[in-house]
Number of protein chains: 4
Amino acid sequence: MHPDSKDERNSKTEERRNQILDAATVCLARKGYYETKMDDIVAESGLSKGTLYLYFKSKKEIFVALSECFTETLNARIEANLEGKTTLIERMRAMADGYVQTTSSTATDASGNAVNISRLTAEFWQQAVVDPEIRARFIEAYRFYTKMGEDLIKAAVASGEFREVDIPTLMLVVMAAFDGLTWRWLLTPEEVDWPHAIDLLFEVLLNGVRAIPNSG
Amino acid sequence: MHPDSKDERNSKTEERRNQILDAATVCLARKGYYETKMDDIVAESGLSKGTLYLYFKSKKEIFVALSECFTETLNARIEANLEGKTTLIERMRAMADGYVQTTSSTATDASGNAVNISRLTAEFWQQAVVDPEIRARFIEAYRFYTKMGEDLIKAAVASGEFREVDIPTLMLVVMAAFDGLTWRWLLTPEEVDWPHAIDLLFEVLLNGVRAIPNSG
Amino acid sequence: MHPDSKDERNSKTEERRNQILDAATVCLARKGYYETKMDDIVAESGLSKGTLYLYFKSKKEIFVALSECFTETLNARIEANLEGKTTLIERMRAMADGYVQTTSSTATDASGNAVNISRLTAEFWQQAVVDPEIRARFIEAYRFYTKMGEDLIKAAVASGEFREVDIPTLMLVVMAAFDGLTWRWLLTPEEVDWPHAIDLLFEVLLNGVRAIPNSG
Amino acid sequence: MHPDSKDERNSKTEERRNQILDAATVCLARKGYYETKMDDIVAESGLSKGTLYLYFKSKKEIFVALSECFTETLNARIEANLEGKTTLIERMRAMADGYVQTTSSTATDASGNAVNISRLTAEFWQQAVVDPEIRARFIEAYRFYTKMGEDLIKAAVASGEFREVDIPTLMLVVMAAFDGLTWRWLLTPEEVDWPHAIDLLFEVLLNGVRAIPNSG
DNA sequence: TATGAATGAGAATTCATTCAT
DNA sequence: TATGAATGAATTCTCATTCAT
């Protein structure tokens with residue numbers, strides 16, 4: 001009946017969903033899943049309670065949507081960072097940087113204040129332990145990055161740059177180091193100097209710490 | 001009235017506290033902090049609700065006490081493992097093993113079933129992000145193990161076994177790898193082979209993965 | 001602008017109202033008044049929510065209109081059945097049959113499936129207990145049929161076919177038997193064989209069950 | 001630990017349950033199931049909301065308990081009325097009277113006012129149509145009384161007092177008449193004179209209304 | 001007329017904590 | 001000390017109705 005009615009409706013719907021997800025992001029970053037009440041999201045979003053339930057059928061569904069959103073952002077950022085990077089180290093750093101950028105970005109709340117959203121990662125993780133649905137998403141994302149990293153290492157081994165090594169376990173440990181740094185950073189941000197830590201991680205990864213290399 | 005001596009009262013008190021903490025351990029391992037209700041702990045402990053509040057003034061206090069308990073157990077286990085270990089690698093493995101043993105042990109519930117308590121770590125961590133009091137304890141424990149590890153590395157550097165390296169950052173990254181493996185293990189236990197991962201971690205840590213060591 | 005004549009507008013209005021009432025009939029038959037949500041009627045009618053409120057000012061008003069509708073259908077059916085019936089028993093059966101036919105008919109839902117509407121009777125009744133407005137309509141309908149039945153009995157008494165009897169109370173009891181059968185039928189449809197029950201009702205009504213009639 | 005502790009607790013529990021059921025009775029009689037809010041029962045009972053949920057796990061469960069209660073009262077009353085009654089008519093009247101007494105009794109609300117509880121029957125019935133669990137109870141109660149009535153009629157037929165008749169259908173119709181009168185009485189209490197209606201029902205049941213009995 | 005997104009006043013239920021016994 | 005019944009504020013979710021377009 002109206003021009004572009006369908007498109008317009010879609011974009012409006014998308015906008016409202018984002019409005020809610022933005023508000024939820026801020027709330028979750030501030031108080032975590034359990035301490036965030038629907039009323040908090042209502043207040044932060046500027047919408048009414050009924051409207052929230054019009055777009056998401058439960059609190060949990062907002063959370064799940066948020067975790068999808070987060071993963072998408074992470075993927076996009078990593079993809080962007082990989083653009084033009086060719087060497088192994090460059091590419092691994094691109095991934096690491098994408099992770100850190102996403103994890104350490106900020107959102108803007110209703111009053112225009114910047115809110116550090118690093119805590120979101122912790123919330124997703126925690127819920128992944130609890131909730132099978134979120135866990136499944138998490139695992140999927142993990143597999144994706146694991147594959148990406150393993151391919152890089154495989155290429156390095158094939159090219160003779162790296163020696164023979166148990167690639168899956170190596171990748172597991174490297175990713176664990178990143179995850180662990182993320183958690184540590186949530187607890188004591190002042191003690192985690194990301195760029196420095198990543199530099200050292202790669203440097204030690206390549207060369208080890210032994211004084212006399214295993215040449216003799 | 002001599003049976004009511006102070007010692008007896010203390011030991012009785014201690015016993016009751018442990019009874020409650022054991023019950024809470026089982027509940028938390030099963031359902032996590034938020035999904036564990038005081039009634040669950042009451043049922044698991046076999047005590048009455050009033051009695052719980054006689055020994056702990058809130059749900060949170062039980063949790064805090066539990067995290068202390070956990071840290072103590074961890075410390076004791078690591079200490080025991082270090083007994084007689086002298087070389088750097090032996091001592092680092094002793095620490096790592098103590099961590100894994102504690103994190104992956106089981107508790108026995110009221111019906112005599114073994115309950116895997118690995119989830120407790122996640123709960124403590126999560127609450128550490130949320131709650132300053134728990135965070136403080138966490139940080140303290142971290143400092144302790146950081147110090148222990150750094151001293152080991154320092155000695156290795158001093159003895160010429162290790163080359164010069166940024167010790168705090170190295171220790172940060174190593175601990176992060178452990179923490180990350182713990183989280184990963186909570187999500188996909190079948191993908192984390194602890195002994196294998198620790199072996200590779202130490203091996204790569206020492207030697208790096210570069211094919212031609214930086215000797216020429 | 002002549003197509004917008006008053007008649008056409010009226011018929012359009014009538015059509016829309018019927019569309020809504022048909023949808024409401026199906027919903028009420030399926031879920032009852034309280035469990036039927038306006039959204040259900042919206043979905044079933046294929047109209048929008050705003051439009052419903054354009055034709056009926058509330059959920060209750062739809063219900064009231066439906067009960068009117070139902071009564072009209074019942075009346076029409078009974079009137080049709082009475083056509084050409086002259087004897088007392090024939091006419092009483094005509095009424096009974098009209099009642100059973102209406103109560104046990106089906107409606108067709110949006111997907112073309114037949115929906116048994118017997119539950120509507122229960123809903124009207126229930127709401128008649130609750131709501132004075134619906135009760136008033138109910139009582140009016142009752143009076144109409146009571147009058148009709150009483151006139152038949154009166155004629156039978158006058159003609160000597162029936163003995164002297166308390167006509168209002170007799171009619172009350174006979175109608176009660178029908179109403180009771182309707183409720184019973186809603187609960188245990190398999191136990192209510194309407195034609196058989198009506199036959200027996202009339203037979204016993206006429207002759208009683210006493211073995212030796214009060215002739216001696 | 002205390003004398004009679006178990007008994008005391010049981011009687012206390014029973015008392016509280018009754019307190020809640022009494023309050024619910026009054027509320028249901030006044031407003032019906034759907035319009036009765038938990039807050040209404042809270043206010044009427046003088047207890048707190050939490051306490052209600054301590055004794056009943058949901059609103060529906062209160063309702064189910066109430067319907068059990070009601071059936072028990074009905075049974076008890078009928079049993080008491082049957083005491084010493086031997087003839088068929090006496091026994092059927094005893095049943096009918098028990099039904100009417102129970103259905104038309106009053107409860108006393110928190111302010112000491114008498115509340116007519118006749119509406120409860122309608123509520124149970126309505127919910128029996130909706131809810132399988134309540135329906136099952138209803139059907140069971142029906143079977144019980146049907147059996148009792150059928151046995152009476154069977155005996156009357158055996159003794160030659162009644163002629164051969166389709167006993168189940170007769171009983172169905174007689175019970176339907178009672179149920180129908182109950183509903184009618186809810187709608188227009190002033191038009192239902194129970195004793196009179198029952199007298200006529202039995203009189204017509206025995207003798208029929210035909211002027212010249214089917215003797216010649 | 002027709003639409004359907006938005007609303008917000010309720011509703012049922014939960015659960016940590018208290019307190020009389 | 002020990003108990004466990006009682007509490008009520010807080011929480012999630014619902015849904016009849018409105019109203020700008």
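Please read these numbers as outputs of a predicted model, since none were measured by experiment. First the proteins, then the strands, lettered A, B, ... as listed; each starts at 1.
- Nearest-nucleotide positions on DNA chain E place D:Asp39 closer to the 5' end than the other of B:Ser58 and D:Asp39.
- Where A:Gly50 and D:Met38 each meet DNA chain E at their nearest nucleotide, the meeting point lying more 5' is that of A:Gly50.
- A:Tyr34 comes within 4.0 angstrom of nothing in the nucleic acid, heavy atoms only.
- For B:Thr13, taking side-chain heavy atoms from C-beta onward, the closest of the listed nucleotides F:dT14, E:dT17, F:dT1 is F:dT1.
- Taking for each of C:Thr36 and A:Lys60 the nucleotide of DNA chain F with the nearest heavy atom, the 5'-most of the two is the partner of A:Lys60.
- Between the CD atom of C:Glu35 and the C1' atom of F:dT14 there is a distance of 11 Å, given to the nearest Å.
- Judged by closest nucleotide on DNA chain F, B:Tyr55 is the one of A:Lys49 and B:Tyr55 placed further toward the 5' end.
- Summarising the geometry, atom CD belonging to A:Gln19 is positioned 9.5 Å from atom CG belonging to A:Leu52; distances are rounded to the nearest 0.5 Å.
- Residue B:Lys12 places no side-chain atom within donor-acceptor reach of the base of F:dT1, judged by atom type and a 3.5 Å distance cut-off alone.
- Residue contacts shown for C:Lys37 are limited to sugar-phosphate atoms, with no base heavy atom under 4.0 Å away.
- One finds the CZ atom of D:Phe63 at 5.5 Å from the CG atom of D:Leu28 (value rounded to the nearest 0.5 Å).
- Note on A:Tyr53: every side-chain N or O is 4.0 Å or more away from OP1 and OP2 of E:dT7.
- Distance, B:Ile41 CD1 to E:dC15 P: 13 Å, rounded to whole Å.
- Rounded to whole angstrom, the span from the CG atom of B:Leu52 across to the P atom of E:dC15 amounts to 16 Å.
- With hydrogens and angles ignored, no donor-acceptor pair closer than 3.5 Å exists between the side chain of C:Lys59 and the base of F:dT17.
- Distances from the side chain of B:Thr51 to the nucleotides F:dA2, E:dG8, E:dA5 place F:dA2 closest.
- In this structure, B:Lys57 places its NZ atom where only 12 or fewer heavy-atom neighbours from other residues, nucleotides or ligands lie under 6.0 Å away.
- The nucleotide F:dA5 finds its pairing partner in E:dT18, both defining distances of the Watson-Crick or G-U wobble pair being shorter than 3.5 Å.
- Atoms OG and CG, on C:Ser45 and C:Asn18 in that order, are 12.5 Å from each other to the nearest 0.5 Å.
- Nucleotide F:dA2 holds its C1' atom 14 Å from the CD atom of B:Glu15, rounded to whole Å.
- Closest to the side chain of B:Leu54, out of F:dA6, F:dA2, E:dT3, is F:dA2.
- A close approach under 4.0 Å does occur between a side-chain nitrogen or oxygen of B:Ser48 and OP1 or OP2 of F:dT3.
- Put simply, CG on A:Asp40 is 13 Å from P on F:dA10, counting in whole angstrom units.
- Computed from coordinates, the C:Leu47 CG to E:dT3 P distance equals 6 Å when rounded to whole Å.
- The distance from atom CZ of C:Phe124 to atom CG of C:Leu120, rounded to the nearest 0.5 Å, is 4.5 Å.
- Going from atom CD of A:Gln19 over to atom P of E:dA5 covers 15 Å, rounded to whole Å.
- Contact check on A:Arg30 versus A:Glu35 returns no salt bridge, with no Lys/Arg side-chain nitrogen under 4.0 Å from an Asp/Glu carboxylate oxygen.
- Using a 4.0 Å heavy-atom criterion, one finds that A:Phe56 contacts no nucleic acid atom at all.
- F:dC15 atom C1' lies 18 Å from atom NZ of A:Lys57, rounded to whole Å.
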